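The structure under discussion appears below in the form of structure tokens.
Naming convention: chains lettered A, B, ... in sequence-line order (proteins, then strands); numbering from 1 in each chain. Note that the structure is a prediction, hence the values are computed from the model and not measured.
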Amino acid sequence: MAEYTKLEKVRLEKLRQLREMGVDPYPRRVERTHTAQEAIKEFKRIEGLEDAEPIQATLVGRLRSMRPMGKITFADIEDGTEQIQLFFRADTLGEEQLDFFNQYFDLGDFVQAKGEIFRTRSGEITLSVSSFKMISKSLSPLPAAKEEVVDGEVIKYASLADPETRYRQRYADLAVNRDVRDIFRTRTSAIRAMQSFLDGQGFLEVETPILQPIYGGAAAKPFTTHHNQLKQDLYLRISFELYLKRLLVGGFERVYEIGRDFRNEGVSFKHNPEFTQIEFYWAYADYFDIMDLTEEMVAFVVDKVVGEKKLSYQGEEISFDIPWERIELREALLDRTGIDIKAHDTGVSLANAMGDLDLEFNPEESRGKLIDDLIDSCLEPTLIQPTIIYDYPREISPLAKSKKDDPQTVERFEGFVGGMELCNAFTELNDPLDQEERFLEMGRSYEEGDEERHPMDEDYLRAMRYGMPPNGGFGMGVDRFVMLLTDKHSIREVLLFPHLREKGE
RNA sequence: GGGCGUGUAGCUCAAUGGCAGAGCAGUGGCCUUUUAAGCCAUUGGUUGUGGGUUCGAUUCCCUCCACGCUCACCA
């Protein structure tokens, strides 16, 4: 049972009185002739015209501000499009109606108001209300802030800011903070743009299983669940890769999926247990083709969403003009650290060389893991402008095809922007015997019982044995991309309902 | 999981080892073109939780909870 605050009790009493008067505070049907945006646009259109009929409009929206001044009241309502001012006047409505509004309507209530659009002395387009109606009473006061618009900039005074409340009660955050709604509009338009780009390139959007009997395609700990009737343990997918590549065996040449992955790992400003991923696979392409397409797609999306091919992220101007800088991993590391990874073909040797760097690492780690450490600490943070780093060590890339003249290196690249890894792609391994060997290698390198250990996916190997066309594949964290597009440092800002620890009530 | 930090009114924030404050919101009043409306008055608190030190703790110490930053983890 809800415990009501004093402010809520005041509103409950108003609600009770409304009902007593025969007013339904939650009516079933609503009238609306214009959105706020349409009304304003329509008014501007006819404003200067001779003998134009005044615009009659019925608007709806949430009460954001009330300014009673004796025999008149100004109020602002906001609908999904825009905010617009309402003008209540005793002369028009009668004092009784005006008092009724002032007495029983609160900030946060949804109202319906009918009247004529006009412009006030101070120049604001306003609805002069001739009749109005409660369409949903708000019982809990929103943590609404006063706002002032100065030169088009909205200045807020003491708005909801506590991150915990904002994320736990995202509905309140959204209701009160317009800029938060904009983040999610941007998010959706970025996803639409990716779809429209890939669709235009002849890719087919598909859906593959989220509940999987065997997880794979990435090194991550999965969430486990259970199907009762089938008496079968299932995993929430950690990537789409192995299913999408099965589709290439099936004869689709270009497929992509945008959806949720789940990883049972640490939560941080850039990790949420469930996150959105885009992956595409392109038959008869290699990683150089994927590099080109990646650059085009990212530029397309940035342009679509931002309006130009550059943006500002955490104070850095980032340009997405084609082509990106492309650097071989070995050279990039040599440049940043003075270490030539090619000169060190064992973990021990590389660990010795890394000893001179001011860097913490576990010298027991494998060569591949040590190279990964070097990338994370010496390379990634320096890559602000879009950069492609290519040719990775085989042992941390079990699904990528190796280079012809260098079996320890694979045809793989990662795209970095703003000091973050943005995407990961490679020429996909399509040799079933080689793939089986890689799975076995991987199995050996993990301890028995290691949760990241890959189970052998026999069905995937069977698919590959039927023949898989040569292909290139690509994966990108959509949330991280949206962080870039919206200049947010935390993944939670770009997730509508980020995961938070359960809190006892 | 480790380190650091934060938690005070519905919201944003002050303050102090000795009666816990402001602005906004709320309530009552004045006000017919305001817009962070204004003016007058006024309500509102188990200072995250549990314990300890103390004559006295919101303040000092410890436990726990949540959040933030950071490290670890993270193909």
Item to check | Side-chain ion pair, A:Arg16 and A:Glu13, N-O less than 4.0 Å | outcome: yes
Next on the checklist: For the P atoms, the ones on B:rG17 and on B:rG7, what distance do you get once it is rounded to whole angstrom?
Outcome noted: 16 Å
Checklist outcome for this item: Between CG of A:Leu86 and C1' of B:rU35 the distance, given in whole Å, is 13 Å
Item to check | Mutual orientation of the aromatic rings belonging to A:Phe132 and A:Phe101 [parallel < 30°, tilted 30-60°, perpendicular > 60°] | outcome: perpendicular
Next on the checklist: Base of B:rU34, side chain of A:Thr120 - is there a donor-acceptor contact under 3.5 Å?
Outcome noted: yes
Checklist entry - Would you say a side-chain N or O of A:Lys14 is under 4.0 Å from OP1 or OP2 of B:rU27? => result yes
Item to check | Assigned partner base of B:rU27, Watson-Crick or wobble definition, under 3.5 Å | outcome: B:rA41
Checklist entry - What does A:Gln85 touch in the nucleic acid at a heavy-atom separation under 4.0 angstrom: a base, only the sugar-phosphate, or nothing? => result base
Item to check | Who pairs with B:rA20 - Watson-Crick or G-U, where each distance is under 3.5 Å | outcome: none
Next on the checklist: So that I can tick it off, tell me whether A:Arg237 and A:Glu257 are bridged by a salt bridge, with the cut-off set at under 4.0 angstrom between side-chain N and carboxylate O.
Outcome noted: yes
Return all side-chain donor-acceptor pairs below 3.5 angstrom for residues 83-95 of chain A, not counting sequence neighbours, or 'none' if the list is empty.
unit_1, atom_1, unit_2, atom_2, d
A:Gln83, OE1, A:Arg178, NH2, 3.4
A:Gln85, OE1, A:Arg67, NH2, 2.6
A:Gln85, NE2, A:Thr126, OG1, 3.0

Checklist entry - If you measure from the P atom in B:rA66 to the same atom in B:rU42, how many Å do you get, rounded? => result 42 Å
Checklist entry - Base, sugar-phosphate alone, or nothing: which one does A:Tyr392 contact when heavy atoms must sit under 4.0 Å apart? => result nothing
Next on the checklist: Between C1' on B:rU70 and NZ on A:Lys270, what's the gap in Å once rounded to a whole number?
Outcome noted: 12 Å
Item to check | Residue closer to the 5' end of RNA chain B, A:His271 versus A:Glu124 (nearest nucleotide) | outcome: A:Glu124
Checklist entry - Do A:Tyr167 and A:Glu493 have side-chain atoms, one donor and one acceptor, less than 3.5 Å apart? => result yes
Checklist entry - What is the distance, rounded to the nearest whole Å, between atom CZ of A:Arg263 and atom C1' of B:rC73? => result 13 Å
Next on the checklist: Can you see if the side chain of A:Arg501 gets near the phosphate of B:rA66 - specifically, an N or O under 4.0 Å from OP1 or OP2?
Outcome noted: yes
Item to check | Identity of whatever pairs with B:rU63 - Watson-Crick or G-U, under 3.5 angstrom | outcome: none
Checklist entry - Hey, are A:Lys137 and A:Tyr104 close enough side-chain-wise for a donor-acceptor pair under 3.5 Å? => result no
Checklist entry - Below 4.0 angstrom, N of the basic side chain to O of the carboxylate: do A:Arg62 and A:Glu78 qualify? => result no
Checklist outcome for this item: Looking only at B:rG68, B:rA75, B:rC73, the nucleotide nearest the A:Leu500 side chain is B:rG68
Checklist entry - Does A:Gln103 put a side-chain nitrogen or oxygen below 4.0 Å from OP1 or OP2 of B:rG28? => result yes
Checklist outcome for this item: Judged by nearest nucleotide, the residue sitting upstream toward the 5' end of RNA chain B, A:His499 or A:Gly266, is A:His499
Next on the checklist: Could you tell me how far apart A:Ile72 (CD1) and B:rU32 (P) are, to the nearest whole angstrom?
Outcome noted: 8 Å
Checklist outcome for this item: A:Glu164 CD to B:rA66 C1', in whole Å, measures 5 Å
Item to check | Polar pair under 3.5 Å, donor/acceptor by atom type, side chain A:Arg121, base B:rU33 | outcome: no
Next on the checklist: Just the rounded figure in Å: distance from P of B:rU33 to CE of A:Met66.
Outcome noted: 18 Å
Checklist entry - What is the base-pairing partner of B:rG68, counting Watson-Crick and G-U wobble geometry with both distances under 3.5 Å? => result B:rC4
Checklist entry - If the C1' atom of B:rA72 is compared with that of B:rG10, how far apart are they to the nearest Å? => result 39 Å
Checklist entry - Of the nucleotides B:rG68, B:rU33, B:rC74, which has the atom closest to the A:Glu265 side chain? => result B:rC74
Next on the checklist: Going by purine N1 to pyrimidine N3 plus the second Watson-Crick contact, or the G-U wobble pair, all under 3.5 Å, which nucleotide sits opposite B:rA9?
Outcome noted: none
Checklist entry - B:rA75, B:rC74, B:rC31: which one has an atom nearest the side-chain heavy atoms of A:Glu421? => result B:rA75
Next on the checklist: Please give the distance between the C1' atoms of B:rA57 and B:rU8 as a whole number of Å.
Outcome noted: 14 Å
Next on the checklist: Nearest to the A:Val10 side chain among B:rC31, B:rU27, B:rC74, which nucleotide is it?
Outcome noted: B:rU27
Next on the checklist: Taking A:Arg326 first and then A:Glu295, would you say they form a salt bridge - that is, a charged N and a carboxylate O separated by under 4.0 Å?
Outcome noted: yes
Item to check | Lys NZ or Arg CZ of A:Arg412 over A:Tyr392 ring: under 6.0 Å, within 45° | outcome: yes
Next on the checklist: Does A:Lys403, at its NZ atom, have more than 12 non-hydrogen atoms belonging to other residues, nucleotides or ligands within less than 6.0 Å?
Outcome noted: yes
Checklist outcome for this item: Across every strand shown, the nucleotide meeting Watson-Crick or G-U wobble geometry with B:rA57 (both distances under 3.5 Å) is none
Checklist entry - Are A:Arg330 and A:Asp391 within salt-bridge range, i.e. N to O under 4.0 Å? => result no
Checklist entry - How far does the C1' atom of B:rG52 sit from the matching atom of B:rC19, given to the nearest Å? => result 25 Å
Checklist entry - Is any side-chain nitrogen or oxygen of A:Arg168 closer than 4.0 Å to OP1 or OP2 of B:rC67? => result yes
Checklist entry - A:Asp91 side chain: which of B:rG44, B:rA75, B:rU32 is closest? => result B:rU32
Next on the checklist: Work out how far the P atom of B:rU46 is from that of B:rA20, and round it to whole angstrom.
Outcome noted: 13 Å
Next on the checklist: Just to be sure I understand the rule, does A:Phe118 reach a base, reach only the sugar-phosphate, or reach nothing, if contact means heavy atoms closer than 4.0 Å?
Outcome noted: base
Item to check | Counter-base of B:rA14, judged by Watson-Crick or G-U geometry with both distances under 3.5 Å | outcome: none
Next on the checklist: For B:rA75 and A:Arg394 - does any side-chain N or O of the residue sit under 4.0 Å from the phosphate oxygens OP1/OP2?
Outcome noted: no
Next on the checklist: Any side-chain N or O of A:Arg67 below 4.0 angstrom from OP1/OP2 of B:rA37?
Outcome noted: yes
Checklist outcome for this item: Using Watson-Crick geometry (N1-N3 plus N6-O4 or O6-N4) or G-U wobble (N1-O2, O6-N3), each under 3.5 Å, B:rU49 is paired with none
Item to check | Donor-acceptor contact below 3.5 Å, side chain A:Asn272 vs main chain A:Phe275 | outcome: no
Item to check | Residue A:Ser122, side-chain atoms from C-beta onward, closest of B:rA37, B:rU34, B:rA25 | outcome: B:rU34
Next on the checklist: At under 4.0 Å between heavy atoms, how does the protein contact nucleotides 3-15 of chain B? Give one character per nucleotide, 5' to 3', with B, S or -.
Outcome noted: -------BSS---
Checklist entry - Hey, does the side chain of A:Lys146 come within less than 4.0 Å of B:rU35's phosphate (OP1/OP2), counting only N and O? => result no
Checklist entry - In whole Å, what separates the C1' atom of B:rG45 from that of B:rC11? => result 15 Å
Checklist entry - How long is the line joining CD of A:Glu8 and C1' of B:rG26, in whole Å? => result 12 Å
Checklist entry - What's the closest nucleotide to the A:Arg492 side chain, out of B:rG68, B:rU33, B:rC67? => result B:rG68
Item to check | Integer-rounded Å distance: B:rU34 P and A:Leu63 CG | outcome: 20 Å
